[in-house]
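Heads up, the thing below is written out as structure tokens.
Hydrogens, waters and symmetry mates play no part in the numbers below; they use all other heavy atoms, side chains included. Only a predicted model underlies this, so the values are computations on that prediction, with no experimental measurement involved.
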Amino acid sequence: MAREAVVAVTKLLAAATTLVVLLLVILTGSLVPISVSKAAVLPKDRADVMYHSYQGGGMSIDGPSILIRKKMSKNISASFNHYVDTVSSASIDVLATASPYKEERSEQSLGLNYLQDNTLISVGVSQSNENDYQAKSFNFDLSHEFFGNLTTVTMGLSKGSDEITLNGNDNFFEQAEQTNYRLGLSQILTKNFQMGLNLEAITNQGYLNNPYRRYRYLDDASASGYSYATEIYPNTRTSTAGAIRGRYFLPYNAAVYASARLFSDTWGIQANNYTVGYSQSFADNWLIDVHLRYYQQDQADFYQDMFERKDQFNFMARDKEMSSFNDLTVGIKGRYLFKFARTSWAQASSVNVSLEHIKFDYDNFHNVLVTAPQGVGTEPLYQFSANVIRFYVSLWY
Amino acid sequence: MSKSLNTRLKSFLVVLVLPTLFACQNTLKPWVKPYERNNLTLAVMDWELDPIANGYRHHVYQAREGARGAEGGSGGGCGCN
């Protein structure tokens, strides 16, 4: 039933996307006269350098990210992003069935924006490299402002292809493909209030599991009472997500905002998350932001913490990301803005620090690193906390 | 449960799309004038104040949660399985 619902929503989204494309083609072709008070603009020229860090659950991931954006002409802007994850992993998944490891992932993205009147067209390519995972993707996005620039419609398409190998097994080679369909609407409702809606359908085909992950099953022949075997995932997945968000300006140079997202996929996962936040500017240069985010999901159909026997079902997973769990994020961010003289080549710069604390609580993923008090499968439920740091400097020129 | 989710997604579509379609009618004019939008251009009202930080935040959650998409970014295959 969940699968049918997801497929139905995906078809609905595809039809809506087609409708919007036709609408945009008509509008951008100026077949319909539109009253325009102010044209859309290209993204501002800027450079950002960021250090990011994630520490939690035995994982330590950090590295740099650099983003540069520059106008090439009145209508064209280009952007480049270089991103690195340096991973040191001793997570519960690794400690249960393998040995801690270190690796590095780097990603490069190149994008072009083209502005024509009130329409912004964006294309981009991206590649990600790990020693056992190669991913390439491209995206096409279109954004159009109309109704006196109070309304913005966006639509986009991405296609990605991945190549998966396995360290220690030269014969292992798998592939996977992903397609994203996006549709968005942003609406200015009053001089202090704006809202947005985003829909996205994603389809995957190919090898979709992590080849290092294992499921566990009861095994009397084992001293622990259970053994592990390689997970088996379905080789297709379709998901739909819908999100709504709003931001309201308060008269003392502050804003409150909130967002909600619903998610469903053909694997039986249903999820929702909610965010509320508050931003405050003061003393002309400072901005402080605090936010709360709550996420909850129900497990995939083929997830179990303990299977009764090896090869019990066609599909079997014990990834904690496929289990039922929730997480809660508390975050704070501070920013200081330097404004330069009009004669300077640069307009402004900012220094930013963002700290987030995330607490994960699993409903049916047990901590196998702790002895089961009353036999196999009675280990305490797993939980962990993570700290996420972003420190970055931005320059507008 | 799945049926209600489907219904809720459609409701989302209707809640924002219908007003916009009505807004396209000739009888309705843009009601917030350009000179009234100063508050909306301030940093506290910007969803995408710093794209480099937003992209990273989405990546942190995508790698650890089953849900994905509809977060406003252009996204693609991220190699974060």
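Partners of A:Tyr295 according to the ring pair (Phe, Tyr, Trp, His ring centres under 6.0 Å) rule, which considers only residues two or more places apart in sequence or in another chain, are A:Phe325.
Here B:Glu71 contributes atom CD and A:Arg182 contributes atom CZ; the two are 12.0 Å apart, rounded to the nearest 0.5 Å. For the atom pair OH (B:Tyr56) and OH (A:Tyr392), the distance works out to 12.5 Å, reported to the nearest 0.5 Å. Here the CG atom belonging to A:Leu287 is positioned 6.5 Å from the CG atom belonging to B:Leu49, to the nearest 0.5 angstrom. Atom CG in A:Asn253 sits 8.5 Å away from atom CG in B:Asn39 (nearest 0.5 Å). If you take CD1 on B:Ile52 and OG on A:Ser394, they are separated by 7.5 Å, rounding to the nearest 0.5 Å. Taking CG from B:Leu40 and CZ from A:Phe193, the interatomic distance works out to 11.0 Å, rounded to the nearest 0.5 Å.
Between A:Arg335 and B:Ala43, the closest heavy-atom pair is NH2-CB, 4.0 Å. Taking all atoms of both residues into account, the shortest heavy-atom contact from A:Leu189 to B:Trp31 is O-NE1, 2.5 Å. The two residues A:Phe263 and B:Ala67 make their nearest non-hydrogen contact at CG-CB, 3.5 Å. Among all heavy-atom pairs drawn from A:Glu200 and B:Ala70, the shortest one is OE1-N, 2.8 Å. Contact record, B:Val44 with A:Ser281: CG1-OG, 3.3 Å, taken as the closest heavy-atom pair. Counting all heavy atoms, side chain and backbone alike, A:Gln297 lies closest to B:Gly66 at OE1-N, 2.8 Å.
When the candidates A:Glu321, A:Glu356, A:Arg213, A:His52 are compared by the number of heavy-atom contacts under 4.5 Å with chain B, A:His52 comes out ahead. Interface remark: of the candidates A:Asn129, A:Leu250, A:Asn273, A:Asn204, A:Asn204 forms the most heavy-atom pairs closer than 4.5 Å to chain B. Between chain B and the residues A:Gln299, A:Arg46, A:Lys320, the largest count of heavy-atom pairs under 4.5 Å involves A:Arg46. Residue with the most contacts toward chain B among A:Asn192, A:Thr179, A:Val388, A:Leu150: A:Leu150 (heavy-atom pairs, distance under 4.5 Å). Between chain B and the residues A:Tyr278, A:Tyr248, A:Tyr257, A:Phe249, the largest count of heavy-atom pairs under 4.5 Å involves A:Phe249. Considering only heavy-atom pairs separated by less than 4.5 Å from chain B, the leading option among A:Asn352, A:Thr190, A:Ile269 is A:Thr190.
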**Q.** Pair B:Lys29-A:Phe147, side-chain contact (heavy atoms from CB on, under 4.5 Å): steps then yes or no
**A.** CA-CA 8 Å; B:Lys29 304 292 182 193; A:Phe147 191 54; 5.6 Å; no
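When side chains are defined from C-beta on, A:Pro43 does not count as touching B:Glu48, because their heavy atoms never get closer than 4.5 Å. Two residues are said to be in side-chain contact when any heavy atoms from C-beta on lie closer than 4.5 Å; A:Lys191 and B:Asn38 fail this criterion. Between A:Gln296 and B:Glu65 there is no side-chain heavy-atom pair separated by less than 4.5 Å.
Contact of A:Leu337 with chain B is not made at all, since no heavy-atom distance falls under 4.5 Å. Heavy atoms closer than 4.5 Å to chain B are found in both the backbone and the side chain of A:Arg247. Contact annotation for A:Lys333: only side-chain heavy atoms (C-beta onward) come within less than 4.5 Å of a heavy atom of chain B. Contact of B:Asp50 with chain A is made through backbone and side chain together, with heavy-atom distances under 4.5 Å. Interface remark: B:Leu42 contributes side-chain atoms only to the contact with chain A (heavy atom separation under 4.5 Å). Contacts of A:Asp319 with chain B are absent, with no heavy-atom separation under 4.5 Å from either backbone or side chain.
For A:Arg261 (side chain) and B:Gly69 (main-chain N/O), a donor-acceptor pair under 3.5 Å exists by modelled atom type.
Classification of the A:Tyr83-B:His59 ring pair by plane angle, with boundaries at 30° and 60°, yields perpendicular.
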